[in-house]
A.B. asks: 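A single structure is presented below for examination.
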Amino acid sequence: MSTPVVHVTNEAFSLSASQRGLIRWNLYIGFIVFAVAVINGLGQALQYADINILQYFPGMDTYYQGLTVHGVFNAIVLTFAFANGFVALATARALNRPLHHGLLHSAFWVLLVGTILAASAMFSGEASVLYTFYPPLQAHWAYYLGLALLVVSTWLTSINLFVTLRDWKREHPGRRIPLLAHISVCTYVMWDIASLGIAIEVVGLLLPWSLGLFKNIDPLLSRTLFWFTGHPIVYFWLLPAYVSWYCMVPKQAEGKLYSDSITRVVFLMFIVLSIPVGFHHQFSDPGVGSKMKAVHAVLTFGVFFPSLVTAFSIMAALELGGRRRGGKGLISWFFKLPWGNPALAAQLQAMLVFLLGGITGLINASYNLNQMVHNTTFVPGHFHMTVGTAVALSIIGISYWAIPWLKGRMLWGRKLALFQGWAYFIGVLIFARGMISGGLEGMPRRTAIMQAPYDKPTWDLAGILIAVGGVLMFISAICFLIVIVGTIFAGKRDQNPEFPYTETIQAPSETGWDRHLDKFWHWVVFTIILILIAYGPFFLQYLPARFLSPGYEIF
Ligand code: HAS
């Protein structure tokens, strides 16, 4: 192998105290809602083993209220707050320049107000509509407005990344965008297009409906707009973790990233392929033609591909690190990785679980198998290994270095942090095993099993596994929160905290074909064409909207 080209700016990087503070507070909002959501999670998991603690906690008066808080706080607020903070930080690091201060401020405050509005509606029991808020279930207007503001906060962050990149380009005419900045911006470009579906649904349909401006709603149109955003949102959750796996983890593992260009291609593929796949969540919906479902099923196998490439790329980067540290043979390099670093260990555990999460995604995506698992606990089994681990455990791992860096303190409770990662890893594997086997036995999702008037003996073991795994995950989450609070208040001062930044073996060329990879607009045009092919026929045949269903507040 030729001598590695080091493509990384080693000059010192710093941000003003106020920018560090704002980024830190984005992460703290995420941790605060996470602390509430894991209590709900424990309640949900225990009820599968017939143990009821839901009644003892605020926000969990009914199963559906607790599940709504759990889903919205974990899957929307935590992930958005983390992305807004971490991806902005990554961009600033890559371009070695500060972010736009006003935009950073506004994104933070809009996120906070949105979170408070949505939380107030959920805790008052007027928005027990789950995180998918399918109409005709109707929530209080504050819930919809809160969600809309959360999306606006991501758009403000996005503008911030574009403005920061534009300023950098003015100072560096003709230069290639640094890889870390490129993939950070790609993450938000994808989300900007994807979030249009939910923006139209919430602002155009649900908010005026909840305010009484019109009486009835169109459930199928709303669901379709929801899933237009609802599948790509999973990549908006995942890509900040990928930013770390590509551009930070190899450094922490003492390895190097193999190819700059392949990494750019992977993120561009997510822009193009993430959106036109939403009907794979609606395989069982009447009103969507089977041809459209087939197109989305095929494209779903397309969006599987960039994750497959990621698995190989990251594995290669890790192998380089393991071999540098003395690993030999086929697999011993794996054990030589620096497992003693909690920031790395948590992310490696997240990757291992994601291998299983990805495989279960393929089962969901296969039309005929989907008929068997749809609306069963198989699906939460899948998503606790994806968003619930690949994303959540990566957020935890990243926080183990990012909070010390942002705060100028060393990580407190290193051993507890290491224990935390393993407890989560083992916990989620037991939990997901229960969800998946229960699902294959027809155990329904989104159902208070304990109160259900029916039961199947084969669900008993599944329920116990879900409860045992859930308890372990809960203990692990509490350990994480203790480590973070300990770091903030009791971590030893550190004048020179490390910001991990990976080197690439193949640097980007200044003159070659791969320069086109930096022209985001080309890829946006491809994306729009593909969306028109995948959604156009449905809307042409379906519109105008059919406002036929009244709203219901069942729970
Ligand atoms: Fe999914 C349902 C298909 C990925 C989340 N998914 C859901 C729901 C959620 C969710 C929340 O086609 C439920 C929504 C609801 O409430 O109804 N999903 C897929 C497919 C993928 C996929 C094909 N999902 C995700 C990700 C998520 C997520 C990522 C969150 C972040 N999913 C579906 C379908 C449904 C669905 C159907 C509807 C089901 C139904 O009927 O309701 C793929 O993108 C997965 C690709 C992943 C891989 C794995 C790559 C592995 C990597 C790890 C690297 C490992 C290394 C190991 C390096 C190909 C990158 C080395 C480690 C060392 C330590 C050395």
Side-chain angles (χ1 to χ4, degrees), residues 34-35 37-54 63 66-67 70-71 74-75 78 241 334 339 342 345-364 373 376-397 416-450 452 455-483:
F34 179 65
V38 295
I39 299 173
N40 292 88
L42 179 68
Q44 311 294 332
L46 288 178
Q47 69 90 30
Y48 279 96
D50 281 354
I51 302 167
N52 185 10
I53 62 157
L54 295 169
Y63 170 82
L67 193 54
H70 180 69
N74 272 340
L78 167 66
F334 172 86
W339 287 96
Q347 294 185 77
L348 296 179
Q349 289 147 353
M351 292 174 196
L352 289 172
V353 173
F354 190 46
L355 287 170
L356 297 175
I359 292 167
T360 49
L362 273 195
I363 293 169
N364 294 339
V373 298
T376 71
T377 53
F378 188 95
V379 174
H382 159 68
F383 71 66
H384 279 86
M385 292 192 288
T386 51
V387 63
T389 305
V391 175
L393 202 47
S394 294
I395 290 179
I396 287 173
L416 187 62
L418 280 172
F419 165 79
Q420 177 278 315
W422 286 110
Y424 200 97
F425 178 71
I426 295 166
V428 78
L429 289 177
I430 298 173
F431 176 90
R433 164 67 173 74
M435 284 275 177
I436 283 174
S437 63
L440 293 175
E441 288 290 343
M443 192 191 235
R445 70 179 286 206
R446 297 180 148 174
T447 302
I449 290 291
M450 202 171 66
D455 193 10
K456 238 176 132 184
T458 43
W459 295 350
D460 292 347
L461 176 62
I464 291 169
L465 291 173
I466 293 169
V468 171
V471 170
L472 271 174
M473 288 159 79
F474 175 75
I475 294 172
S476 157
I478 298 300
C479 294
F480 163 68
L481 293 165
I482 293 173
V483 171

A.B. asks: Does the pair V471 and L46 meet the rule for a side-chain contact (heavy atoms from CB on, under 4.5 Å), with working shown?
C.D. replies: CA-CA 8 Å; V471 170; L46 288 178; 3.9 Å; yes

A.B. asks: Can you measure from CH2 (W422) to OG (S476) and round to the nearest 0.5 angstrom?
C.D. replies: 12.5 Å

A.B. asks: Verify, without hydrogens or angle tests, whether H70 (side chain) and G66 (backbone) share a donor-acceptor contact under 3.5 angstrom.
C.D. replies: no

A.B. asks: I'd like to know if the side chain of W339 reaches the main chain of F334, judged simply by a donor and an acceptor atom lying under 3.5 Å from each other, with no hydrogens or angles considered.
C.D. replies: yes

A.B. asks: Please report the interatomic distance CG(L42) to CD1(I39), rounded to the nearest 0.5 Å.
C.D. replies: 8.5 Å

A.B. asks: If you measure from CZ on F378 to CE on M435, what distance do you get to the nearest 0.5 Å?
C.D. replies: 12.5 Å

A.B. asks: What I'd like to find out is whether the side chain of L393 reaches to under 4.5 Å of the side chain of V353, using heavy atoms alone.
C.D. replies: no

A.B. asks: Rounded to the nearest 0.5 Å, how far apart are CG of D460 and CG of L465?
C.D. replies: 11.0 Å

A.B. asks: Please work out whether the ring planes of F34 and F480 are parallel, tilted or perpendicular, with thresholds of 30° and 60°.
C.D. replies: perpendicular

A.B. asks: Any side-chain to backbone donor/acceptor pair from T377 onto P444? Under 3.5 Å, distance only.
C.D. replies: no

A.B. asks: Can you give me the closest heavy-atom contact between A392 and G388, atom names plus distance?
C.D. replies: CB-O, 3.4 Å

A.B. asks: Using 0.5 Å steps for rounding, measure from the CG atom of L352 to the CG atom of L429.
C.D. replies: 9.0 Å

A.B. asks: Which heavy atom in C479 sits nearest to a heavy atom in L416, and how many Å separate them?
C.D. replies: SG-CD1, 3.9 Å

A.B. asks: Is there a donor-acceptor pair under 3.5 Å between the side chain of S394 and the backbone N or O of A390?
C.D. replies: yes

A.B. asks: Can you list the steps and then say if Q420 with V483 is a side-chain contact (heavy atoms from CB on, under 4.5 Å)?
C.D. replies: CA-CA 9 Å; Q420 177 278 315; V483 171; 5.8 Å; no

A.B. asks: Please determine whether side-chain contact (heavy atoms from CB on, under 4.5 Å) holds for the pair L440 and V373, giving the CA-CA distance in whole Å, both sets of side-chain angles, and the decisive distance to 0.1 Å.
C.D. replies: CA-CA 7 Å; L440 293 175; V373 298; 4.1 Å; yes

A.B. asks: Roughly how far apart are M443 CE and I436 CD1, rounded to 0.5 Å?
C.D. replies: 13.0 Å

A.B. asks: With distance as the sole test, does K456 use its side chain to make a donor-acceptor pair with the main-chain N or O of E441 at under 3.5 Å?
C.D. replies: yes

A.B. asks: side-chain contact (heavy atoms from CB on, under 4.5 Å), that's the test. Do Q349 and Y424 meet it? Break it down for me.
C.D. replies: CA-CA 9 Å; Q349 289 147 353; Y424 200 97; over 6 Å; no

A.B. asks: How close do A45 and I466 get, heavy atom to heavy atom, and via which atoms?
C.D. replies: CB-O, 3.8 Å

A.B. asks: Testing the basics here: between L472 and A423, what is the closest heavy-atom pair and its distance to 0.1 Å?
C.D. replies: CB-O, 4.0 Å

A.B. asks: Can any side-chain N or O of T389 pair as donor or acceptor with the backbone N or O of H384 at less than 3.5 Å?
C.D. replies: yes

